[in-house]
Amino acid sequence: MKRALVLVVLLLAGCAGVPEPRALSTEEAERLALVRFSNHTAEHARFTASVPSPGGALRLTGRVDFVDHLGYAAMRTDGRDDGSSAGLVQWNLSTLAYLANPATEPVDPPPTGDWQVRPFARSGSELDAALRLLVNLAADRPDNAQLLQQSSARWLRKDSVDGVEVDVLEGPQQSGRATAADGARVRYWVDADGRLKRLEARLGEQQELATFELLGSATAVEAIPPLRRS
């Protein structure tokens, strides 16, 4: 009996250290509402990403232009070293371009060659959903903090990213501008000034989360001709 009581006390003590998700406070909703506007103000950012896929995790290193909704990255597939396992990708809100290339960083200016260009898949592609989500993370004005606070958005916990204290906030499940493409819920690591440090999203049928690390300012992205604005 005594042993059982000890086990119960230990279990309760362990659970006490895990915060329960809760609705956003007014201040947290205001910071979440600033995320897209902060990205737009910053204009360009470096990032790394890991996107789960049936063929293995896709690792990306690149830059994003939040104002023109344009991304550029070197991409490789974990566990593969064949000729088609690495390449350069560029994309905007509707189109993805890929060029087989062993580069580990975006090549500037973008090389000429046989870029394969296609529209984004409407469903069934974790990569397409993740890339579209990233370039859509900007707006020229803050989101509506009051609507976010009234939505299903939640505070999950406190954390830190590279020594910076953040709150981990989960966006609304169905409505609101903090919702991901394809209906996935998104988690935002947001600092005290409403700047995004990390992003996670569950996409498609994958159990693993797609993760983006935002690494600070970057140089502008030069679009390849098929992705240039007319």
Side-chain angles (χ1 to χ4, degrees), residues 27-51 58-76 86-99 101 103-111 127-143 145 148 158-169 171 177-178 180-181 186-201 209-225 227-229:
E27 188 270 341
E28 290 157 358
E30 289 172 349
R31 280 195 285 140
L32 182 57
L34 280 175
V35 164
R36 295 175 188 273
F37 181 64
S38 296
N39 287 339
H40 189 275
T41 301
E43 297 186 3
H44 311 102
R46 295 177 293 114
F47 75 89
T48 61
S50 175
V51 180
L58 303 172
R59 309 289 183 180
L60 296 99
T61 300
R63 307 192 303 273
V64 59
D65 180 333
F66 286 119
V67 175
D68 287 335
H69 305 288
L70 178 67
Y72 183 30
M75 182 176 70
R76 61 179 176 82
L88 298 172
V89 289
Q90 275 205 15
W91 68 99
N92 55 26
L93 290 171
S94 61
T95 306
L96 173 67
Y98 173 83
L99 176 69
N101 190 297
T104 57
E105 298 275 350
V107 177
D108 293 304
L127 176 63
D128 289 22
L131 297 183
R132 186 167 60 245
L133 171 62
L134 179 64
V135 294
N136 202 31
L137 280 172
D140 60 3
R141 66 196 66 185
D143 291 332
L148 284 172
K158 289 192 173 293
D159 208 330
S160 65
V161 178
D162 295 332
V164 177
E165 292 188 1
V166 297
D167 285 285
V168 184
L169 309 176
R177 297 184 66 183
V186 180
R187 294 175 179 176
Y188 303 81
W189 273 249
V190 183
D191 72 9
D193 297 315
R195 290 188 295 260
L196 185 65
K197 298 296 184 180
R198 179 182 295 161
L199 182 84
E200 283 187 348
L209 299 174
T211 303
F212 289 92
E213 303 281 347
L214 280 299
L215 304 175
S217 60
T219 57
V221 176
E222 180 181 338
I224 62 172
L227 272 66
R228 288 177 186 163
R229 288 184 171 183

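Because the structure is a prediction, the values reported are computed rather than measured.
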Handout entry: Distance in Å, Asn92 CG paired with Tyr72 OH, rounded so as to fall on 0.5 Å steps
Key = 15.0 Å
Problem - Passing candidate, side-chain contact (heavy atoms from CB on, under 4.5 Å) with Leu199, options Val35, Leu137, Thr211 - result: Leu137
Practice task
Return the minimal non-hydrogen interatomic distance between Ala74 and Thr104, and the atom names on each side.
Solution key: CB-C, 3.6 Å
Practice task
Working to the nearest 0.5 Å, report the span between OG1 of Thr41 and CG of Leu34.
Solution key: 9.0 Å
Handout entry: Derivation of the salt bridge (charged side-chain N to carboxylate O under 4.0 Å, His left out) call for Asp162 and Lys197
Key = CA-CA 9 Å; Asp162 295 332; Lys197 298 296 184 180; over 6 Å; no
Exercise for the section: Could you tell me which non-hydrogen atom of Arg228 sits nearest to which non-hydrogen atom of Ala223, and how far apart they are? Expected result: NE-O, 2.9 Å
Handout entry: Pair Asp159 + Arg187: basic N to acidic O under 4.0 Å
Key = no
Problem - Leu93 vs Val135, side chain to side chain contact (heavy atoms under 4.5 Å, CB included): CA-CA, chis, key distance, verdict - result: CA-CA 7 Å; Leu93 290 171; Val135 294; 3.7 Å; yes
Practice task
Output yes when a side-chain donor or acceptor of Asn101 lies under 3.5 Å from a complementary backbone atom of Ala103, and no otherwise.
Solution key: yes
Practice task
In sequence, state the C-alpha distance, the side-chain angles, and the governing distance for Val67 and His40, and then conclude on side chain to side chain contact (heavy atoms under 4.5 Å, CB included).
Solution key: CA-CA 6 Å; Val67 175; His40 189 275; 4.1 Å; yes
Handout entry: Exam field: side chain Tyr188 to backbone Asp167, donor-acceptor pair closer than 3.5 Å
Key = no
Handout entry: pair Leu88-Pro111: side-chain heavy atoms closer than 4.5 Å
Key = yes
Practice task
Using a 4.5 Å cut-off on heavy atoms from C-beta on, say whether the side chain of Glu200 contacts that of Trp189.
Solution key: yes
Fill in the blank from the handout: Minimal heavy-atom distance between Gly194 and Ser38, with the atoms involved, is O-OG, 3.2 Å
Listed pairs under 3.5 Å, donor-acceptor, residues 44-51 side chains, sequence neighbours left out:
unit_1 : atom_1 : unit_2 : atom_2 : d
Arg46  : NE     : Ser217 : O      : 3.3
Arg46  : NH2    : Leu215 : O      : 2.5
Ser50  : OG     : Arg59  : NH1    : 2.7

Practice task
Flag the pair Leu134 / Trp91 as yes when at least one side-chain heavy-atom distance between them is below 4.5 Å, and no otherwise.
Solution key: yes
Exercise for the section: Can you establish whether the number of heavy atoms outside Glu165 located under 6.0 Å from its atom CD is more than 12? Expected result: no
Exercise for the section: Using atom types as modelled and distance alone, determine if a side-chain donor or acceptor of Arg31 lies under 3.5 Å from a backbone N or O of Asp191. Expected result: yes
Exercise for the section: Give, for atom CG of Leu131 and atom CE of Met75, the distance between the pair rounded to the nearest 0.5 Å. Expected result: 8.0 Å
Exercise for the section: For the pair Arg63 (side chain) and Thr219 (backbone), establish whether a donor and an acceptor sit closer than 3.5 Å, ignoring hydrogens and angles. Expected result: yes
Exercise for the section: Would you name the heavy atoms of Ile224 and Gln90 that are closest together and state the gap between them? Expected result: N-OE1, 3.1 Å
Problem - CD on Glu213 to CG on Leu196, rounded to 0.5 Å - result: 9.5 Å
Practice task
Report yes if some heavy atom in the side chain of Arg132 is under 4.5 Å from a heavy atom in the side chain of His69; otherwise report no.
Solution key: no
Fill in the blank from the handout: Scanning both residues in full, the closest heavy-atom pair of Ala29 with Leu148 reads O-CD1, 4.0 Å
